[in-house]
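What follows is a short report on a single structure.
In what follows, chains carry the letters A, B, and so on, assigned in the order in which the sequence lines appear, proteins first and then strands, with residues in each chain numbered from 1.
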Amino acid sequence: MRTRRLLAGAVALLAVVIAGCGSSSSEIGSGALVMASYQPYTGPDAAYGPEGTALCSFAAYEINSGGGVMGHKFQCEAFDSTGDPADALPVANRMLANTTNLIMVYGPTQSAQRAVEPVLNQEKIVHFPDSGDPAYDHQTSPYFIRNGPSDSLAGTAIAAYTANHAGYKHVAIAFTNEEAAQTVVPALKETFAKLGGTFTSEQTLAPGQTSYRTEISHILASHPEAIVTEMDPQTAATFFSEELELNGGELLPTITTSAALDSNWVGGVAKAIGPEQFMQKIVAVASNTPTEGPGYEEYLQALKKAPNNIPERENYAADPYAQLGYDGLVCGALAMLEANSLESEKWAPYVPKVINGEKGAIVVHTFPEGKKAIEAGKTVRWSGAAGLVTLNKYNNSSTPFTGYKWNGKGNGVASLEPTGGEVSSKELEEAGGA
Amino acid sequence: MTTAWQFYFITLLTYSGVNIIAAWALNLQYGLGGILNFAFIIFQAVGAYAAAVLTLGPAGGITTFQTYVGGAHLPWLLALVVATLAGGVLALLVGLVALRPKRTDYQGMVLLTVAIIAAVVVTDEKGWLNGASGLVGVPKPFNESLGLGLIEYGWFYVGVVAVAVVLVFIVIHLLTSSPWCRQVRAMREDPVAAEALGLNVPARRLQVFVIGGAIAAFSGALLVGYIGSWSPGAWGPGETFLLFVCIVVGGLGNNFGAAVGSVLVLTVLFNGLAYLPIFSYTTAAEALQLVLLGLIVIAFLWFKPRGLFPERRRRFAFPSAGPDRGTAVAVEEAR
Amino acid sequence: MELNLALGFGLVTASILALGAVGFTLQFGITNIFNLSFGQVMTVGMFAAYLINVQGGQSLWVGVLGGALAGAVVSGFLNKTVFMPFLRRGVSLDGIIIVSLAVGLVLENVMLAFAGPSFKAYNQPRTHSIHVLGMILTVQQLLIIGISVAALVGLHLLLRQTRLGKAMRATAANAGLARTSGIATDRVTMIAWCLSGALCGAAGVTFALNLATFDTTTGSSLLLVVIAAAVFGGVGQPYGAMLGALVIGLATEFAALVSPNLKEVIAFAILVVMLLVRPDGLIPSAATKETMGAR
């Protein structure tokens, strides 16, 4: 008996301790509005965390430079979603319960998403997931805004690019067995076969191995025209450096997904194989992310001027995840202005409107510009760091894709340029995506 | 209390209950039976997977994006029973191989290897349990018949877990106060002497292992009923070590200690550290929280080496010096 | 042809594993401590070499030495300030597993706080591949094999030909008896930890070199395979660990010919089958201890 009573006591004590730290969250009070970066800050995906904090700070700078929303300034807070769905859930709960004036969330990533998505929707928190999980292709929550592509769409696009634009019909595919990579594969295979392509070799790689040399020599022996791939940064670095070694210092033409545009991927792989082969041979097929134009210039300004000691911020200059995340958060703020409300129930439906633009909307590139237009009674369409984005009725991106290569302008290989092959929305539809 | 706070409490209480049950299972295997089960988490995982596929229904249909074997629409209670049995069966199979080495530390390393194999195979064989993406959309137990809102349902589930904790406590209590458990303790203290007294040590060891495995699977089934999704990320081999920290902190061999240890480490410390007001633009803040966790554990073992609630010495205990107690005693004696 | 290729690649993997597995087993054999912070000490070695090679502009091979030195220093330091005091205090060997886990957590996250989560890579000259007996190996890889062989032969000579080696073997077999025979077991233990730390650091650097990039979690991810190799050979048995590394290293590469995604599983399955035949590893410990020691 003693045991159970003491136990109950311990739990009750715990409840009191935690309740003591808390305050109400669902109603917005005075003071700054909080944008949360709900990303992994520890564990194998720890690199996503600083990226989330950085893009959030850029967005906060942009919004605050236009005077914020309804007299509120914006600020960022970080929440560690670890990389494990079971550990991610209590952190999300804490974020929702204990954050005063929580207004929107950047995240969750794929590993945490399935556990926390129901809670975020229940609490009516607008969130911008940076995962490509196809399970959400037909989701219906108004609080879910995915302005980056789903992996199923990415798979279709990469197949269409490879067959129609790059003109390769015999390729090898090499994907790691991780969740984020595997969700691309089914659509890729289906579309590529439909377009008349064949696979010379199919390799599913276990990440983090000492070597992939046997797998690579297998691929090389099958004489593909190109390799289509998605790998995490570390596996990619190992794989490509070993490919160089086994293929006489040259990579095969390599077509990869937007995962390769992540600053950590570029950094890791470029360090491992050197910039020349990287720039010559690797192409990333990603939803359109221009690195020019007024919206992008404004993003660069925010990136440079955002206060605080954000480390290595120049890495995010050409990083579609950072660009799309920044765009999403700024669109959220514009939606609040259009709805003239801080209640998410009211402003959430305006986010797709700001992103897609209603009839007669004016295209805006900066938050102050947008605020001015809305105050003048107009509706706006955001064309920001990642240019124009289109959402479908499921709040999923249906933006066209482009093949990108790196041109080495600026520092290292950081700067992107289009290869000229754009997979249009029509093409995606015909190939079975969107 | 706002709904967000209620969600938070519901999650913490549910997790605490699940962790307490898991800690008891591990305490039975290791604290009492002396088996270094470094594969513990795979038994929790098998329970979660079994409960998931048995309630999800056959693969296909609404959930075409996931593939798995053994889909069925069993009532939850039946699924819970089958999941528990699955844990026992897996423990039997693993135990027959992994408990063969004579040294217990050696068994531990074999078990660690088994845990890695399990994680790699499940991640890789997409057709079995949907690979790295794992299973999602696991129906909430009794949800349809109850028709409660999310919050009310949450509190209901806390109640279900509380009942489960009590049930497992009764089972554990009966086990640990039985003559059978005396034999188990004797086996842990000195297997050679126990064997000489006529105990079938390998059989006892396997029994402890199977019962612990079944209880672990039970805890996994409870957990997946709450989270609604389950994937290899949730049961990496490292998770086992956290449970070891719990029972060592609580006091090995003491059920009350195991319960307190799991709440203290996994609920209070893990969540509490996140409230520290540190913010940085890098991963430094989160890293420092984990450094602190490590230091607290080290300090704890220094000041309370036998845990918060040490196992009571029993009259029948063998003298503490075995045939060869390794360096620890050698060093100790030399002082 | 493919078999020869895989053999070559397997030898490289085996060389790296052997450094780690022998280091791990040496620590375990002498002190019975199941040191789960071993993986993070490997990462310390990687970062030490990174400082020397990238920040200091020295050659990578100086970096390998530096990594080994850093491994030795950290390992010796941990032995002196953490593990020995805990043993003296009478904490059980199982409790010390938890301590080592906590030490690993602290080490890894101190590195994360200082070095950040981004991937690091060494500056290494790109060299030509050399074709030997149907194998394709780079100069770096040949050097990795060379380093490993040299280190292990050195260890063999030390254990078999010197008084210190004899003292170590005696301590491993029975510390109490060794002490009563006049062996300064504390000193011997310290030296063993430093030696194993050096092997650990060297394993870390060569692993990172072979991987092309590394971060703060790389060492702990390698640890599991290292442990598997050690288990295969019989824990506490340096020669068994070498054999275990060879078997696991070759098996993973040959398995990749059949099923790349399951190469680790196949290697580990061999381990399980072997354990069914020989439950205590390839080379069981001379004194088969029934329990782990004092509780």
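Between B:Ile42 atom CD1 and B:Glu239 atom CD the span is 14.0 Å, to the nearest 0.5 Å. Atom CG in A:Asp232 sits 11.0 Å away from atom CG in A:Asp262 (nearest 0.5 Å).
Counting heavy-atom pairs closer than 4.5 Å to chain B, the top-ranked of the candidates A:Pro90, A:Ala206, A:Pro50, A:Gly52 is A:Pro90. Ranked by non-hydrogen atom pairs under 4.5 Å with chain B, the options A:Ala47, A:Pro311, A:Gly49 are led by A:Pro311. Per-residue heavy-atom pair counts under 4.5 Å with chain B were compared for A:Glu51, A:Glu312, A:Gln122, A:Arg94, and the maximum is reached by A:Arg94.
Applying the ring pair (Phe, Tyr, Trp, His ring centres under 6.0 Å) criterion to A:Tyr143, with sequence neighbours excluded, gives no partner residue. Under the rule for a ring pair (Phe, Tyr, Trp, His ring centres under 6.0 Å), the partners of A:Tyr394 that lie at least two apart in sequence or sit in another chain are A:His138.
Residue A:Gln182 touches chain B through its side chain alone, counting heavy-atom pairs closer than 4.5 Å. Residue contact with chain A, scored on non-hydrogen atoms closer than 4.5 Å, involves the side chain of B:Leu290 exclusively. Neither the backbone nor the side chain of A:Ala54 comes within contact range of chain B, judged by heavy atoms closer than 4.5 Å. A:Ser37 does not touch chain B: none of its heavy atoms, backbone or side chain, sits under 4.5 Å away.
A:Tyr61 has its ring centre no less than 6.0 Å from the ring centre of A:Phe58. Here B:Phe169 and B:Trp24 bring their ring centres to under 6.0 angstrom of each other.
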